[in-house]
Amino acid sequence: MKEKIWLSSPHMGEKEMEYVQEAFATNWIAPLGPNVNGLEHDLEAFLGKKVHVAALSSGTAAIHLALVILGVKAGDEVICQSMTFSASANPIVYQGASPVFIDSEETTWNMSPEFLELAIQDRIKHGKKPKAIIVVHLYGMPARMNEIMAIARRYEIPVIEDAAEALGSTYKGQAVGTFGDIGILSFNGNKIITTSGGGALISANAEYVKQARFLATQARDHAPHYQHSHIGYNYRMSNVCAGIGRGQMEVLPNRVAQRRYNFDFYKKALADVKGIQFIADPGEEFYSNHWLSTILVDSNEFSIIDIQNALHEDNIDCRPLWKPMHLQPVFKSALYFGNGVSERLFNSGLCLPSGSNLTDGELNRVVSRIREVVNVKKSSKNIADNPISCVTFALISVLLSIIL
Ligand SMILES: *Cc1c(COP(=O)(O)O)cnc(C)c1O
């Protein structure tokens, strides 16, 4: 068996162990401490635009706290991008609220501003004005934040930006996650940088971030004894994990560069293949970290299953695009506004190995395997198109089987 090529594996730099060892040496083995503060400062400096950051135990926890802070309660409705990982939507249900899913638009694969506005108008008409909007920067591609923020402001609905996949991406030169009222990041093992498990809540509103830290550490009131006026959570990041994060922050620009390199590599190497497409550059204001490199396969040319099987046979990891939430069994009763763009993307898309630690050799292995599928299809197609060669092919096959 050939060596495994992973979809997106952790990629440690030089300094992570030092920060972790420091945590051990000083016995800061707790969900707070100097590495947590340090990581928050590093992130604030990286994101710019005077945002505050609370380091948390996961991106999912960050979305949950964002909803709590924005006052989402049982019976409320929250708008959410349909094409995403389930963790964007699950916290809506933790709060007893209902998701309203919005389709993607073609250029960024993210929330369609058009259907967002239609959904808001419809829900207002039914006396159910949405309490928040969760927009996602899928695979690192920034959503159309100009349009989305304008709509959200017009209807006075707060925006949560799920930038779990998009640390290092910018829109009009500004870090994604800093446009909405609250942004969230993830440092799960498969993300662009990792703390093994972790996340962060971002906001320009210092009060929100203070509240996040308070709620994430069991909502303890100022009192000599344990006193609680709010329901709290155990969502703070561990100081050991934050040590990994501090090391990772030092190499983040390299990691972004490598992911973008992967995308360009695949795009160039498969440029001549009819039936394989890459997401087109939506414009110079969109700068994607290309967390995952994805392809769209034209089913008239060849099947996505064939490519998937061929890669798996060669011990190469790959994965379909996120299955839209409105098509998930668990959300089958949820409202959806759209016209099938996300469903079409899901049916024709594939994520290729995209780790920042991939070598050119490994990238070439992926490309040649895909090319084999494409060539087999092409030659069998040519044969099928040509009755004479079809007969010849059959004859040769029979002869070969006799000889062998
Ligand atoms: C990974 C991810 C999350 C959840 O982050 P965790 O840290 O794994 O909880 C949320 N949204 C999106 C889009 C993600 O990719």
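All ligand and atom numbering here is 1-based and tracks the order in the structure. As the structure is a computational prediction, the values presented were derived from the model and not from experiment.
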**Q** I want to know if ligand 1 touches E165 in the polar sense, i.e. an N/O pair below 3.5 angstrom.
**A** yes
**Q** Within 45 degrees of the ring normal and closer than 6.0 Å to the centroid, is that where the cationic atom of R220 sits relative to Y226?
**A** yes
**Q** What protein heavy atom lies closest to atom 8 (O) of ligand 1? Include the residue and the distance to one decimal.
**A** N188 ND2, 3.1 Å
**Q** Looking at atom 11 (N) of ligand 1, what's its closest protein heavy atom, distance included?
**A** D162 OD2, 2.7 Å
**Q** Could you tell me which atoms of ligand 1, counted from 1 in the order shown, lie closer than 4.0 angstrom to a heavy atom of S58?
**A** 7 (O), 9 (O)
**Q** Between R123 and Y155, is there a side-chain donor-acceptor contact under 3.5 Å, judged purely by atom types and distance?
**A** no
**Q** Side chain or backbone of L138 under 4.0 Å from ligand 1, or both, or neither, by non-hydrogen atoms?
**A** neither
**Q** Just jot down the ligand 1 atoms closer than 4.0 angstrom to any heavy atom of G198, in number order.
**A** 7 (O)
**Q** Donor-acceptor check, side chain of Y266 to backbone of P353, threshold 3.5 angstrom: yes or no?
**A** yes
**Q** Checking side-chain polar atoms at under 3.5 Å, does S104 have a donor or acceptor matched by the opposite partner on E106?
**A** no
**Q** Do you see a donor-acceptor pair shorter than 3.5 Å between the side chains of W322 and Q81?
**A** no
**Q** Can you tell whether the side chains of E362 and K4 come within less than 4.0 Å, N to carboxylate O?
**A** no
**Q** Between G59 and ligand 1, is there a nitrogen or oxygen pair with a distance under 3.5 Å?
**A** yes
**Q** Quick one: does S88 get a heavy atom under 4.0 Å from ligand 1?
**A** yes
**Q** For atom 2 (C) of ligand 1, grab the closest protein heavy atom and report residue, atom and distance to one decimal in Å.
**A** K191 NZ, 2.8 Å
**Q** Classify the ring geometry between Y233 and Y235 as parallel (under 30°), tilted (30 to 60°) or perpendicular (over 60°).
**A** parallel
**Q** So, for H52 and Y208, is the gap between ring centers shorter than 6.0 Å?
**A** no
**Q** For A87, counting its heavy atoms only, list the atoms of ligand 1 lying under 4.0 Å from any of them.
**A** 3 (C), 4 (C), 10 (C)
**Q** For the residue pair Y94 and H64, does the interplanar ring angle fall in the parallel (under 30°), tilted (30 to 60°) or perpendicular (over 60°) class?
**A** perpendicular
**Q** Number the atoms of ligand 1 from 1 as they appear, then name those within less than 4.0 Å of a heavy atom of V136, with their elements.
**A** 13 (C)
**Q** Could you tell me which atoms of ligand 1, counted from 1 in the order shown, lie closer than 4.0 angstrom to a heavy atom of T84?
**A** 13 (C)
**Q** Could you list the atoms of ligand 1 found under 4.0 angstrom from a heavy atom of S186?
**A** 1 (C), 5 (O), 6 (P), 7 (O), 8 (O)
**Q** Over 60° means perpendicular and under 30° means parallel, so classify the ring planes of Y139 and W291, tilted if in between.
**A** parallel
**Q** How far is atom 9 (O) of ligand 1 from its nearest protein heavy atom, and which residue and atom name does that atom have?
**A** T60 OG1, 2.4 Å
**Q** Report the part of A164 in contact with ligand 1, treating N, CA, C, O as backbone and CB onward as side chain, heavy atoms under 4.0 Å; options are side chain, backbone, both, neither.
**A** side chain
